[in-house]
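Atoms within a ligand are numbered from 1 in the order they appear, just like the ligands themselves. For this chain, numbers begin at 1 and follow the sequence in order.
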Amino acid sequence: MSKQKIAVLVSGSGSNLQALIDAVNAGSIKGQIAIVISDSLDAYALQRAEKQVIPTICIDKKACKAEGEFDALLMNSLAAVKPDLIILAGFLSILPCELVAEYKGKIINIHPSLIPAFCGKGFYGEKVHRAAIEYGVKVSGATVHYVDENTDTGPIILQKTVEVSEDDTPATLAKKILPMEHSLLVKAAELYCDGRLELDGRKVRIL
Ligand code: GAR
């Protein structure tokens, strides 16, 4: 199987991107990161990519004033690369429906909870962990899923759980879950690039 062309979309620190970079460099992900796209000028993820001489594009969402401007720039940036796989690695913008339709079955996202809990619009970063703690759950975790036209509702590829203890804070829970996210996202990318994911309705089979 030839190397898959991967686009990674980011908004923040990029620790998930770093895990992907390391796995590509180690050869476990049979792909190449062709582009890293950020929606924020100060995403540290951009520096991580530049250090590896991976091409980057920053589409500063705050500077996109016209309706549809950000979405059009994002679509054009991806069209120039024609990725086989798009990975949302802490990307906090909602993808336009046309993009999701065009790349159906080729977009995956990492989310820091056990979907369908604590997900959807407004649930990102530490807000997810705060909501889980306030609800009083005994376990939380991470989910990698395919992206569909709604937020965090696509078919689940992989999940992993972690115990929530009484003295956990959003920060300590995030710290427990983040390394789990890295390994899950890398595993999902490996499976995808090896052609081992089969999508059947809402079910994802690992071949
Ligand atoms: C990660 O915890 C990721 O799961 C979360 O943002 C963080 C990005 O960290 N994404 C979401 O909450 C999406 N709804 P990173 O920039 O260090 O990879």
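- At least one side-chain heavy atom of Arg48 sits under 4.5 Å from a side-chain heavy atom of Ser15.
- Here the options are Leu185, Leu191, Ile86, the test is side-chain contact (heavy atoms from CB on, under 4.5 Å), and the partner is Ile108; only Leu185 passes.
- Taking Tyr44 as the reference, nothing meets the ring pair (Phe, Tyr, Trp, His ring centres under 6.0 Å) condition, with sequence neighbours excluded.
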Working for salt bridge (charged side-chain N to carboxylate O under 4.0 Å, His left out), residues Asp84 and Lys106: CA-CA 7 Å; Asp84 302 299; Lys106 294 183 175 183; 5.3 Å; no
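- Remark: Asp168 engages Lys176 in a salt bridge, criterion side-chain N to carboxylate O under 4.0 Å.
- Every protein residue with a heavy atom nearer than 4.0 Å to ligand 1 is included here: Gly12, Ser13, Gly14, Ser15, Asn16, Gly90, Ile110, His111, Pro112, Phe123, Tyr124, Gly125, Leu178, Glu181.
- The aromatic rings of Tyr135 and Phe118 sit perpendicular, their planes meeting at an angle over 60°, well past the 30° parallel limit.
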